[in-house]
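Only heavy atoms go into these numbers, but all of them, side chains included; no hydrogens, no water, no symmetry mates. As the structure lists them, so they are numbered: ligands from 1, and atoms in each ligand from 1.
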Amino acid sequence: MPIYKTGLCWLRRDLRWTDHTALKMACSQCKDVAVVFVFDSVILDQLDDSEDRRLTVIHRALEELNEALKKWGSRLIVLYGDPQEQIPHIVEKLKVDAVYFNEDYEQYAKKRDRAVKTTLERKGVDFYSFKDQVIFSGTEILKADGTPYQVFTPYMRAWKKKYKKTMADEQKPNLKRLIAPSRLSRIEKLKPLNFYGFQKSEVLFPLGRSGALKLLKVFEGSLKNYNRDRDFPALEGTSKLSVHLRFGTLSIREAVRFCLYKKNKGAEAWLNELIWREFYFMILDQFPFVEKLAFKEQYRTISWPGKSTHFRAWCEGRTGVPIVDAAMRQLNSTGFMHNRLRMVVASFLVKDLLIDWRKGEAYFAKKLLDFDRAANNGGWQWSASTGCDAQPYFRVFNPSSQQKKFDPDGVFLRQWVPEVFEENSNYPEPIINHKVQREKALKLFKGAALT
Ligand SMILES: Cc1cc2nc3c(=O)[nH]c(=O)nc-3n(C[C@H](O)[C@H](O)[C@H](O)COP(=O)(O)OP(=O)(O)OC[C@H]3O[C@@H](n4cnc5c(N)ncnc54)[C@H](O)[C@@H]3O)c2cc1C
């Protein structure tokens, strides 16, 4: 029996209508459930590219969501502005009794949600939040002494030990409870993307909920070979589902259900990657300072001597190091980069160009379709050897050996830096000498460890 007349489900990075904890709870506790998304002007105002592809990703997901809600006799509410004003405003307009949403573990989101909660509580509106983005939240897997893990392998073992089959069960909302459009007659609908200040751009990925399901289906054939193929950028060896996990067009439970019962090395390796995702969410949640500082204190004082001209060359894919340039050009033109290459270009920026990892992190944050603060920070701190369970500082990727090992036939290179293979090519010489820079990097890290 519903306990409220009207509920509001506030979507953020969970842009789907199935397997959704907050929506399920709203539909079980309220007679009528309205679903809202707010184009958050606080976040959008910080984006300097009006063709930022992520807006196309979000917009496409919302279009599909709206269509799905229409089939259930309702529609999506889409607002623009600061959620701290927009949510209380729509609550008032619709006479909402309770608001439901899934937790977000980023600093900005936590602060925003606390502020909205305080405002609503003052108005006598109930407020419910749920774990949905992860299987285990930051405080659910702790060491025996009650403190958070700082090393992945024991965390992963504890994760698997704690995990029970039912944890990935579908959270199915009763969509018959969605609010009738007649009650939404004067409430904002989804408008074309340019209304929100952005242009539609080309995205090569299948988008929306349908795109997520399509990619999952395609990956079904590759999963068993994931452990073998995952490091080769020219192969379709990985799922490309990160964008969907980021925006919630696929739930983490669906991803876990997909690999859990398949007993092979590929499925096992893929589950471990999903656990890396949770590990980094946990790190960001429990050690929020990592957003700004190296996890390892001894490396916070490093003064990076790298040049800004080198940084620009790295960003633009013209360092004269083919595998680095190929990867950066792929990022700039598609918004995606293979995991192996993310590690290679990150290592190159920090340990060859001697540039602060936070500059690379910020550039990825601008460009990656799947940008996620926790995974991005974790990946950068791992590569820069400043992170909690990072590679040791003396492990410096040699870009040329990486290319020979992981793109041995130059298939990936040919696609992104074809001029390397041309006669009389004007492809530049490397902007640095790897051997020399490696020694400089080792000195920098050793020096920092002594201070
Ligand atoms: C420097 C650097 C920056 C990164 N920035 C991001 C980022 O902003 N957003 C992001 O989602 N991933 C990031 N990663 C992790 C990883 O590169 C991507 O998740 C992966 O390449 C996405 O491709 P996929 O979906 O085909 O992955 P798959 O190999 O199919 O993996 C399945 C899923 O597991 C998760 N995952 C895989 N590897 C990792 C990892 N190392 N850490 C955390 N989660 C992982 C992702 O959600 C991914 O979709 C970064 C890695 C590095 C080294």
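- By the 4.0 Å heavy-atom criterion, Met343 is counted among the residues contacting ligand 1.
- Looking at Arg16 and Asp132, a side-chain N of the basic residue comes within less than 4.0 Å of a carboxylate O on the acidic one, giving a salt bridge.
- Of all the atoms in ligand 1, the ones that sit under 4.0 Å from a non-hydrogen atom of Phe336 are 23 (O).
- Neither the backbone nor the side chain of Trp382 comes within contact range of ligand 1; no heavy atom lies under 4.0 Å.
- In terms of protein heavy atoms, atom 13 (C) of ligand 1 is closest to Arg342 NH1, 3.3 Å.
- Below 4.0 Å from some heavy atom of Leu245 lie the following atoms of ligand 1, by number and element: 47 (O), 49 (O).
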Q: Check step by step if side-chain contact (heavy atoms from CB on, under 4.5 Å) holds for Phe205 and Val57.
A: CA-CA 9 Å; Phe205 280 86; Val57 174; over 6 Å; no
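- From the protein, the heavy atom lying nearest to atom 8 (O) of ligand 1 is Asp372 N, 3.0 Å.
- The side chain of Tyr226, and not its backbone, has at least one atom closer than 4.0 Å to an atom of ligand 1 (non-hydrogen atoms only; side chain from C-beta on).
- Below 30°, between 30° and 60°, or above 60°: for Tyr363 and Trp314 the angle between ring planes is above 60°, a perpendicular geometry.
- Protein heavy atom closest to atom 9 (N) of ligand 1, with residue, atom name and distance, is Asp370 O, 2.9 Å.
- Distance from atom 19 (O) of ligand 1 to its nearest protein heavy atom, with residue and atom name: Ser242 CB, 4.1 Å.
- A 6.0 Å sphere centred on CZ of Arg300 holds more than 12 heavy atoms belonging to other residues, nucleotides or ligands.
- What sits closest to atom 31 (O) of ligand 1 on the protein, heavy atoms only, is Trp270 NE1, 3.5 Å.
- When heavy-atom distances to ligand 1 are checked against a 4.0 Å cut-off, Phe279 has no atom that comes that close, whether in backbone or side chain.
- Using a cutoff of 4.0 Å between basic side-chain nitrogens and carboxylate oxygens, Glu63 and Lys200 are scored as salt-bridged.
- Counting protein heavy atoms only, atom 5 (N) of ligand 1 is closest to Asn376 OD1, 3.1 Å.
- Close contacts between ligand 1 and Leu241 involve ligand atoms 25 (O), 49 (O) [criterion: under 4.0 Å to a heavy atom].
- Below 4.0 Å from some heavy atom of Lys240 lie the following atoms of ligand 1, by number and element: 24 (P), 25 (O), 26 (O).
- Asn339 OD1, 2.7 Å is the protein heavy atom nearest to atom 17 (O) of ligand 1.
- Atoms of ligand 1 lying under 4.0 Å from at least one heavy atom of Tyr280, given by number and element, are 42 (N), 43 (C).
- Below 30°, between 30° and 60°, or above 60°: for Phe258 and Trp270 the angle between ring planes is above 60°, a perpendicular geometry.
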Q. Do Lys405 and Asp231 pass the salt bridge (charged side-chain N to carboxylate O under 4.0 Å, His left out) test, and can you show the C-alpha distance, the side-chain angles, and the key distance before you say yes or no?
A. CA-CA 9 Å; Lys405 197 163 169 197; Asp231 273 316; over 6 Å; no
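- Within the structure, ligand 1 lacks Arg246 among the residues with a heavy atom less than 4.0 angstrom away.
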Q: Carefully, step by step, assess Phe364 and Phe371 under the rule ring pair (Phe, Tyr, Trp, His ring centres under 6.0 Å).
A: CA-CA 7 Å; Phe364 269 30; Phe371 164 60; 9.6 Å; no
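- The shortest separation from a heavy atom of Phe219 to ligand 1 is not under 4.0 Å, leaving the residue out of contact.
- Defined by atom type and a distance below 3.5 Å, a donor-acceptor pair is present between the side-chain atoms of Thr319 and Asp325.
- Distance from atom 12 (N) of ligand 1 to its nearest protein heavy atom, with residue and atom name: Ala375 CB, 3.6 Å.
- Inter-residue side-chain proximity for Glu236 and Ser222 is flagged as unmet; no heavy-atom pair is nearer than 4.5 Å.
- Taking each of Glu361, Gln381, Glu236, Glu273 in turn, the one with a heavy atom nearest to atom 45 (C) of ligand 1 proves to be Glu273.
- Results of the side-chain hydrogen bond (donor to acceptor under 3.5 Å, both in side chains) test with Arg12 over Asp113, Asp40, Asn102 single out Asp113 as the only residue that passes.
- Residues Lys351 and Ser385 have side chains that bring a donor and an acceptor to within less than 3.5 angstrom of each other.
- Side-chain atoms of Glu278 come within 3.5 Å of backbone N or O of Ile135 as a donor-acceptor pair.
- Numbered from 1 in the order shown, with element, the atoms of ligand 1 that lie under 4.0 Å from a heavy atom of Arg277 read 43 (C), 44 (N), 47 (O).
- With a 4.0 Å heavy-atom cut-off, ligand 1 is reached by the side chain of Leu368 but not by its N, CA, C or O.
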